[in-house]
Amino acid sequence: MRLKSISTGVWTAVALVVAVAWAFPVYWMFNSSFLPNSVLQSATPTFLPFGGSFDNFTAVFADGKFVAALGISLTVTLTTVAVALFVAFLGALAISRFKFKGRKSFILAMLLIQMLPAEGMFIAQYKMMSSVGLLNNVLGLTLLYTAAVIPFTIWMLRGFVAGVPAELEEAGMVDGLSRTQAFMRITFPLLAPGLVASGVYAFLQAWNEFTVALVVMTEDQMKTLPLWLRGFVQASATRETDWGLVMAASMMVAVPVIIFFMIVQSKMSSGLVGGAVKG
């Protein structure tokens, strides 16, 4: 028992060290965003933002392009998540609940699509968007993001759908429910965690994506947040890199993700409990 206790303490200490090493860059970004550049360039590091201010954040908001980029990123990301979840959910149901000709080929095609490097499709994507007039267009970028995340989202949801026995729906139908009612009242609540997990993946893919947006959104007024942040850093570097401003801008890009995860965490927990009770 004593050896087990010592082993547990050692592994706990290792876990804490790893957690601190993982969280420190995030804290350093937060800390630096409140400090002026003169303090950040000092040879003595400042680990607490005492004496700091919101001047860096004010300067970020003073850049009129930030609000426009935020609106574009939110529109593209939320639309991508909604459309991808809807389409992927139907696709996962089809390949998990029904047997049809070409089912295995469809699954294999999804896996092959995931193996294709995104860079290899840039020219084709650019010419396709250009031919239909969707360059520098929110709809065009949304279509590309949705197409990119749907295959893996279907694959994720397929595992959740396959994990819910079809006998549960059949039992509900014996009790007088229609197939649709049995699915919505019994199966769907059990799939809520899977939908949330898939939504997180789609959100992160769309929110953080840089290279496709760099190819498709070439006009200054049509930049997503990652593109805006790059331009913001480059503009700062032409004078002298103001790391306080850069960190504040990075914080503003990260805040929506943090808020999203706070919402998702509660929804995931309620989905698990609700699914267990209704199942």
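Computed over heavy atoms, backbone and side chain alike; hydrogens, waters and symmetry mates excluded.
Counting heavy atoms from C-beta on, the side chains of W207 and V253 come closer than 4.5 Å. In this structure, the side chains of L214 and R230 come closer than 4.5 Å at one or more pairs of heavy atoms. Within the 4.5 Å cutoff, no side-chain heavy atoms of F203 are placed close to those of T80. Looking only at side-chain heavy atoms (C-beta outward), L191 and F89 come within less than 4.5 Å of each other. Using a 4.5 Å cut-off on side-chain heavy atoms (C-beta onward), L93 and F183 make contact. When side chains are defined from C-beta on, I107 counts as touching R158, because their heavy atoms get closer than 4.5 Å. Within the 4.5 Å cutoff, no side-chain heavy atoms of W243 are placed close to those of S32. Within the 4.5 Å cutoff, the side chain of Q125 has no heavy atoms near those of the V215 side chain.
Checking side-chain atoms of R103 against main-chain N and O of I95 turns up a donor-acceptor pair under 3.5 Å. Between the side chain of T79 and the backbone N or O of V76 there is no donor-acceptor pair closer than 3.5 Å. For the pair N136 (side chain) and T218 (backbone), a donor-acceptor distance under 3.5 Å is present. The backbone N or O of M128 sits less than 3.5 Å from a side-chain atom of S131, completing a donor-acceptor pair. For Q181 (side chain) and S178 (main-chain N/O), a donor-acceptor pair under 3.5 Å exists by modelled atom type. Looking at S73, its side chain does come within 3.5 Å of a backbone N or O of L225 through a donor-acceptor pair. In this structure, W228 contributes its side chain and A68 its backbone to no donor-acceptor pair below 3.5 Å. Judged by distance alone, the side chain of D55 and the main-chain N or O of P36 form no donor-acceptor pair under 3.5 Å.
Under a hydrophobic clustering in which Ile, Leu, Val, Met, Phe, Trp and Tyr are joined whenever their side-chain heavy atoms come within less than 4.5 Å, directly or via other members, F86 and V149 fall into different clusters. Cluster annotation: F260 is connected to V196 through the hydrophobic network of ILVMFWY side chains, with a link wherever side-chain heavy atoms come within less than 4.5 Å. Residues L108 and F152 do not share a hydrophobic cluster, defined by chaining ILVMFWY side chains whose heavy atoms lie under 4.5 Å apart. By the criterion of side-chain heavy atoms lying less than 4.5 angstrom apart, applied directly or through intervening Ile, Leu, Val, Met, Phe, Trp or Tyr residues, V10 is not grouped with V20; the two fall into different hydrophobic clusters. Under the 4.5 Å side-chain contact rule for hydrophobic residues, V83 and L90 share a cluster.
F66 CZ to M252 CE: the interatomic distance, rounded to the nearest 0.5 Å, is 4.0 Å. Here the straight-line distance linking atom CG of N31 with atom CE of M247 works out to 10.0 Å at 0.5 Å rounding. Once rounded to the nearest 0.5 Å, the distance linking OG1 of T180 with CZ of R185 reads 11.0 Å. For the atom pair CD of E209 and OH of Y145, the computed distance is 3.5 Å after rounding to the nearest 0.5 Å. A distance of 11.0 Å separates CD1 of I72 from OG1 of T77, quoted to the nearest 0.5 Å. Taking CG of L139 as the start and OG1 of T146 as the end, the distance is 9.0 Å to the nearest 0.5 Å.
Between L143 and L134, the closest heavy-atom pair is CD1-CD1, 3.9 Å. Nearest approach of S198 to M156, heavy atoms of both residues: OG-CB, 3.8 Å. Pairing each heavy atom of N137 with each of M217, the nearest pair is N-SD, 3.7 Å. Of all heavy-atom pairs spanning V60 and A248, the tightest one is CG2-CB, 4.0 Å. Of all the heavy atoms in T8 and T12, the pair that sits closest is O-OG1, 2.7 Å. Closest heavy-atom contact between A84 and T153: O-CG2, 4.4 Å.
Within a 6.0 Å sphere centred on CD1 of I258, other residues, nucleotides and ligands contribute more than 12 heavy atoms. Annotation: F24, atom CZ; neighbour count of heavy atoms from other residues, nucleotides and ligands within 6.0 Å is above 12. The environment of Y126 atom OH is sparse: at most 12 non-hydrogen atoms of other residues, nucleotides or ligands sit within 6.0 angstrom. Residue F210 places its CZ atom among more than 12 non-hydrogen atoms of other residues, nucleotides or ligands, all under 6.0 Å distant.
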side-chain contact (heavy atoms from CB on, under 4.5 Å) between T224 and L227, worked out: CA-CA 5 Å; T224 59; L227 296 180; 3.6 Å; yes
Derivation and outcome, side-chain contact (heavy atoms from CB on, under 4.5 Å), residues M251 and M29: CA-CA 7 Å; M251 278 294 300; M29 178 178 67; 3.6 Å; yes
Pair V138-M222, side-chain contact (heavy atoms from CB on, under 4.5 Å): steps then yes or no: CA-CA 8 Å; V138 171; M222 296 303 296; 4.0 Å; yes
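Taking the six-membered ring where the residue is Trp, F30 and F34 present perpendicular rings, their angle passing 60° and hence far from 30°.
Ring to ring, Y27 and F47 are not that close: their centroids are 6.0 angstrom or more apart.
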